[in-house]
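As a basis for the values below, the full set of heavy atoms in this structure was taken, side chains included, without hydrogen atoms, waters or symmetry mates. Count residues from 1 along the sequence. As the structure lists them, so they are numbered: ligands from 1, and atoms in each ligand from 1.
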Amino acid sequence: MPEPTTSAGAIPSPEADILAALGTRLVVLVGMMGAGKSTIGRRLAARLHLPFLDADTEIEAAAGMSIPEIFEIHGEPHFRDGEARVIARLLESGPAVLATGGGSFMREETRRRVSDKAISLWLKADADIIMRRVKRRADRPLLQTADPAATVGRLIDEREPVYQRADLTIASRDVPHEKIVEECIEALHARLCGPAAPSEAAAGIMGALR
Ligand code: S3P
């Protein structure tokens with residue numbers, strides 16, 4: 001028997017439902033450095049057949065220099081203003097999956113824009129996981145401190161109450177990336193498309209009882 005198709009001819013799937021419900025909105029990933037926003041975001045975009053955008057990469061392209069250079073030459077306030085402008089621009093290019101820099105969601109104006117144009121998903125990682133992941137790279141200017149673990153702890157305390165305002169939360173942990181992506185798909189589907197339709201088995205039972 002041929003696969004059932006929607007009116008557009010696509011095979012029904014959670015991904016197709018999410019795409020239809022998103023319209024021009026983006027999926028925006030927020031959370032601490034090392035939470036996996038880029039890694040998971042890239043895979044999530046592939047699953048949804050959407051473009052993947054990375055705010056940090058776009059900021060570097062717009063500035064013509066690396067993030068550590070922007071911090072060093074112009075300072076953090078200048079970086080934050082540029083970051084807010086770049087994210088505002090990227091939010092006009094939906095549908096897409098957008099990974100944001102860890103500090104960007106702290107700005108009220110950015111949160112407002114994200115809630116207008118996107119569904120936000122917090123990838124929540126604990127301090128141990130973050131430390132293990134960020135140790136591998138020295139390109140986070142905020143962690144160039146005498147005690148990076150204490151800095152990460154302080155940033156988590158400051159930021160988690162704000163990240164909590166994202167529409168969805170998924171625990172980022174050391175499991176295969178595809179598992180986290182699957183959880184993102186399930187959470188997006190539940191949020192955007194409502195409760196799952198009754199399974200075929202349940203529908204069959206209902207039919208038999210009629
Ligand atoms: C920052 C996170 C970084 C980058 C910059 C500042 C932050 O992005 O934007 O170093 O304030 O947490 P990632 O979260 O992608 O590492």
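- For Ser115, there are no side chain to side chain donor-acceptor pair (under 3.5 Å) partners two or more places apart in sequence or in a different chain.
- Here the options are Arg111, Arg112, Arg113, the test is side chain to side chain donor-acceptor pair (under 3.5 Å), and the partner is Glu109; only Arg113 passes.
- Ion pair Arg132/Asp126 not flagged as a salt bridge, since none of the NZ, NE, NH1 or NH2 atoms sits closer than 4.0 Å to an Asp/Glu carboxylate oxygen.
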Hey, what polar pairs (N/O, under 3.5 Å) does ligand 1 make with protein?
{"unit_1": "ligand 1", "atom_1": "8 (O)", "unit_2": "Asp56", "atom_2": "OD2", "d": "2.7"}
{"unit_1": "ligand 1", "atom_1": "9 (O)", "unit_2": "Asp56", "atom_2": "OD1", "d": "2.9"}
{"unit_1": "ligand 1", "atom_1": "11 (O)", "unit_2": "Arg80", "atom_2": "NH2", "d": "2.6"}
{"unit_1": "ligand 1", "atom_1": "11 (O)", "unit_2": "Gly103", "atom_2": "N", "d": "3.4"}
{"unit_1": "ligand 1", "atom_1": "11 (O)", "unit_2": "Arg159", "atom_2": "NH2", "d": "2.8"}
{"unit_1": "ligand 1", "atom_1": "12 (O)", "unit_2": "Gly103", "atom_2": "N", "d": "3.4"}
{"unit_1": "ligand 1", "atom_1": "12 (O)", "unit_2": "Arg159", "atom_2": "NH1", "d": "2.7"}
{"unit_1": "ligand 1", "atom_1": "12 (O)", "unit_2": "Arg159", "atom_2": "NH2", "d": "3.4"}
{"unit_1": "ligand 1", "atom_1": "14 (O)", "unit_2": "Lys37", "atom_2": "NZ", "d": "2.7"}
{"unit_1": "ligand 1", "atom_1": "14 (O)", "unit_2": "Gly102", "atom_2": "N", "d": "2.8"}
{"unit_1": "ligand 1", "atom_1": "15 (O)", "unit_2": "Asp56", "atom_2": "OD2", "d": "2.8"}
{"unit_1": "ligand 1", "atom_1": "16 (O)", "unit_2": "Arg140", "atom_2": "NE", "d": "2.9"}
{"unit_1": "ligand 1", "atom_1": "16 (O)", "unit_2": "Arg140", "atom_2": "NH2", "d": "3.0"}

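- For Glu76, the salt bridge (Lys or Arg N to Asp or Glu O under 4.0 Å) partners at least two apart in sequence or on another chain are Arg80.
- Legend: side chain to side chain donor-acceptor pair (under 3.5 Å) pairs involving residues 25-41, not counting sequence neighbours, sorted by first then second residue: Ser38-Asp54.
- Under a cut-off of 6.0 angstrom, the local environment of CZ in Arg85 is sparse, with at most 12 non-hydrogen atoms contributed by other residues, nucleotides or ligands.
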